[in-house]
Amino acid sequence: MRSGPRVAALVGPYLSGKTTLLEALLLAAGNLHRKGSVNDGSTAGDSSPEARARHMSVEMNLASGDYLGERWTFIDCPGSVELQADTLRALQVADVAIVVCEPSADKAGMLAPLFRMLDEMSMPHMVYINKMDQLAGSDVRVRDVLAALQGVSERPLVLREVPIRDNGSITGHVDLVSERAYHWRPGQTSDLVPMPATVKEREQDARQQLLEALADFDDQLLEQLLEDVTPERDDVYRHLAQNLAEDLIVPVFLGSADRDHGVRRLLKALRHEVPTAERTAARLEIAARTDGPLVEVFKTQYAAHAGKLSLARIWSGPVQDGMTLAGERVGGVYAFGPGGLVKKTTADAGEVVALARLDKPRAGDLLTEKEMTGRAPFWPAAPEPVYALTVEAEQKTDEVKLTAALAKLAEEDASLSFRHDTEIGELVLSGQGPVHLQIALDRLRSRFNLPVRSRAPGVPYRETIRRGSAQHARFKRQTGGHGQFADVHLEVRPLARGEGFRFEDKVVGGVIPRTYIPAVEDGAREAMARGPLGFPVVDIAVALTNGQYHAVDSSELAFKTAGRMAVQEALTKGEPVLLEPILQVTFVTPTDYTSRVQRLISGRRGQILGFDSRTDWPGWDEVKALIPQADMGDLVIELRSLTLGLGGYSASFSHLAELVGKQADRVVESRAAAAAAA
């Protein structure tokens with residue numbers, strides 16, 4: 001029985017070969033006439049200038065095609081840890097994830113976060129161990145790689161094939177269900193060959209392990225094994241499909257995408273064992289409709305000629321060109337052909353399409369004909385930014401255009417954000433790392449013809465005073481007619497850190513009319529906007545103790561000016577001191593790298609608050625620390641370098657702390673130079 005359209009997401013670390021596997025799958029299914037190469041930029045995926053310049057996926061790539069009469073969409077997800085938000089979005093609409101990895105036990109740890117994420121999502125997934133041809137002449141054993149992978153997976157890994165070795169090279173595999181042996185041929189269907197005697201014992205052991213793994217979830221099968229009854233082949237396939245759909249097991253396949261080895265066997269497993277779109281919708285708690293279409297948008301793209309495109313999966317259909325979705329007319333329905341978008345008149349339930357000219361929907365929205373019915377139930381929140389740059393257009397006339405372009409990029413990628421920091425007077429672009437932000441800057445240039453400059457963002461320093469003082473100020477001006485007069489006596493003193501600003505009215509006897517006292521407070525606040533060191537002032541108390549006024553010449557403006565003058569003078573006398581923001585940072589890292597993270601903290605003027613094992617994540621630690629914001633700029637780069645890309649952190653403001661010595665002098669001098677140049 002044929003299944004409806006289905007979706008497979010290719011996920012895995014950078015350089016594991018996902019884009020090459022996408023090419024191989026499309027070729028094996030008959031949807032490509034020749035396979036492209038990542039190195040020469042001729043692949044169906046990674047077609048953007050940013051991807052081809054880096055020889056890596058920088059966003060999800062989609063390609064649809066038919067295999068034995070069934071419609072498939074493959075989503076090639078970026079492997080860089082900085083671009084994982086795209087992977088999360090792709091997984092929200094996929095029926096299965098294919099974890100692509102290299103045949104190296106040493107690199108298995110890199111898959112720990114990915115397996116954890118898939119397990120938490122209850123996402124059916126299988127493993128394709130790629131680059132098996134590179135094991136020629138090595139003593140690496142598949143069983144050792146499998147054991148290492150099992151160490152980072154909560155679900156049991158079930159080997160579906162065992163390799164056939166010939167003179168040190170892997171030349172084929174034995175299917176553990178059919179017990180048939182195949183000899184690999186580059187770019188062609190494998191040859192069926194007699195099972196070599198050298199692999200027979202290993203095959204029998206591995207097959208028994210497969211059956212025992214399945215029997216853990218079925219009492220009848222367990223009974224058969226205990227009675228030495230060989231289960232029917234069709235029953236084994238049924239158990240495999242059922243357990244995959246319920247995310248109980250993780251089937252493991254072998255091959256080499258570059259040489260097309262094991263790709264057709266993978267395709268057959270996808271066809272027979274991957275759950276349907278209806279079952280995926282039920283897993284995601286999306287109720288299918290019978291009275292019209294239901295569409296989930298999972299990504300927005302802005303194309304040069306088509307305008308805004310909403311990438312969506314159709315849970316209930318059909319969807320037709322020109323129909324209404326969420327109250328807007330669909331300006332085009334497109335499928336993802338291997339060579340680009342292909343216009344369609346209609347698309348059925350289960351398909352992935354691009355919908356043109358829908359202005360309202362955003363990624364995560366569910367659409368019917370009349371309305372947006374809300375967000376998808378398990379739509380992921382955008383990750384917190386860990387890296388930032390200040391950006392500015394090279395041409396001043398492009399500043400408004402820059403903001404509009406950044407808004408479009410942020411709509412495409414929710415892990416990218418920007419803000420106008422009015423305090424430091426900068427436009428700050430934030431994301432998941434330097435590569436992530438550089439891709440955004442490249443897109444500004446290539447898509448929007450917007451070259452920009454970038455630099456590290458400023459730090460929001462503050463200042464305060466160490467000692468209090470009493471200050472008198474008189475503002476008097478005679479210009480003919482009514483003049484200006486105000487006389488104030490103030491006491492200015494420091495407050496405890498974090499108390500902010502306090503104004504106290506201690507005037508007695510009506511020496512200053514009540515209507516003028518708020519103006520004195522306004523003047524004090526105005527003086528605090530820029531203290532003697534050049535930064536906003538915090539944590540001081542100002543008390544108005546005495547003063548004088550003139551019945552004709554006094555005014556609110558005069559008392560505001562006098563208040564500002566008095567506070568400015570008091571701040572200069574109060575031994576001003578620089579304050580820097582301190583962040584509380586929580587690191588997560590594999591236990592093997594905890595000591596490295598601790599040294600990293602110490603090297604950035606940090607204070608370790610403590611660390612402990614993560615009870616919900618065996619083999620990982622959580623380290624808490626206080627680190628000055630000034631030392632956070634490139635922290636994520638060094639952290640990922642020390643932890644093979646596995647470590648991460650979250651940060652929040654903790655408090656302000658005094659900064660003294662040469663570093664404080666440099667900050668003040670830099671501020672003064674910037675003010676002089678402005």
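Please read these numbers as outputs of a predicted model, since none were measured by experiment. Counting begins at 1 with the first residue of the sequence.
By the neighbour-count criterion of 12 heavy atoms within 6.0 Å, atom OH of Y387 is densely surrounded, having more than that number from other residues, nucleotides or ligands.
Among residues two or more places apart in sequence or in another chain, the side chain to side chain contact (heavy atoms under 4.5 Å, CB included) test is passed with E504 by R493, R502, K506, A543. Listed by chain and number, the residues in a salt bridge (charged side-chain N to carboxylate O under 4.0 Å, His left out) with E399 are K396 (sequence neighbours excluded). Taking the side chain to side chain contact (heavy atoms under 4.5 Å, CB included) definition, one finds that R357 meets it with nothing, sequence neighbours left out. In this structure P49 satisfies the side chain to side chain contact (heavy atoms under 4.5 Å, CB included) test with no other residue, sequence neighbours excluded. For the side-chain hydrogen bond (donor to acceptor under 3.5 Å, both in side chains) test, residues two or more places apart in sequence or in another chain that qualify with E411 are Y302, K308, R362. In this view, R530 and R671, A675 satisfy the side chain to side chain contact (heavy atoms under 4.5 Å, CB included) rule, not counting sequence neighbours. When the salt bridge (charged side-chain N to carboxylate O under 4.0 Å, His left out) test is applied to D631, the partners found at least two apart in sequence or on another chain are R605. Remark: E296 pairs with no residue by the salt bridge (charged side-chain N to carboxylate O under 4.0 Å, His left out) rule, at least two apart or across chains. Take D621 and apply the salt bridge (charged side-chain N to carboxylate O under 4.0 Å, His left out) test, not counting sequence neighbours, and it matches no residue.
Distance check: F485 CZ to D553 CG gives 8.5 Å after rounding to the nearest 0.5 Å. Summarising the geometry, atom CZ belonging to F611 is positioned 11.5 Å from atom OG1 belonging to T589; distances are rounded to the nearest 0.5 Å. Distance check, rounded to the nearest 0.5 Å: CD of Q92 to OG1 of T87 gives 11.5 Å.
In this structure the side chain of Q301 reaches within 4.5 angstrom of the side chain of L311, judged on heavy atoms. At least one side-chain heavy atom of E658 sits under 4.5 Å from a side-chain heavy atom of R466. Within the 4.5 Å cutoff, the side chain of V577 has no heavy atoms near those of the E463 side chain. Annotation: side chain of L642 is not in contact with side chain of Y593 (no heavy-atom distance under 4.5 Å). Annotation: side chain of F501 is in contact with side chain of V542 (closest heavy-atom distance under 4.5 Å). Looking at heavy atoms from C-beta onward, L626 lies in side-chain contact with H655 at the 4.5 angstrom threshold. Within the 4.5 Å cutoff, side-chain heavy atoms of L441 are placed close to those of L429. Residues V391 and L437 are not in side-chain contact: their nearest non-hydrogen atoms beyond the backbone lie 4.5 Å or more apart.
Inspection of the E622 and T586 side chains reveals no N or O donor paired with an N or O acceptor under 3.5 Å. N546 and H472 share no donor-acceptor pair across their side chains, judged by distance under 3.5 Å alone.
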Item to check | Check against salt bridge (charged side-chain N to carboxylate O under 4.0 Å, His left out), E328 and K360 | outcome: CA-CA 8 Å; E328 296 183 282; K360 298 177 184 176; 5.5 Å; no

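Applying the salt bridge (charged side-chain N to carboxylate O under 4.0 Å, His left out) test to pairs two or more places apart or on separate chains, those with a residue in residues 427-442 are R54-D442. Within the structure, salt bridge (charged side-chain N to carboxylate O under 4.0 Å, His left out) pairs that include any residue of residues 380-392 comprise E392-R453, E392-R455 (at least two apart or interchain). Each salt bridge (charged side-chain N to carboxylate O under 4.0 Å, His left out) pair with one or both residues in residues 586-595, not counting sequence neighbours, would appear here, but there are none.
Of the candidates E59, H436, Q432, H436 is the only one forming a side-chain contact (heavy atoms from CB on, under 4.5 Å) with D413.
Judged by distance alone, with hydrogens and angles left aside, the side-chain atoms of T464 form a donor-acceptor pair with the main-chain N or O of V538 at under 3.5 Å.
For the pair D522 and R525, the salt-bridge criterion is not met [side-chain N within less than 4.0 Å of a carboxylate O].
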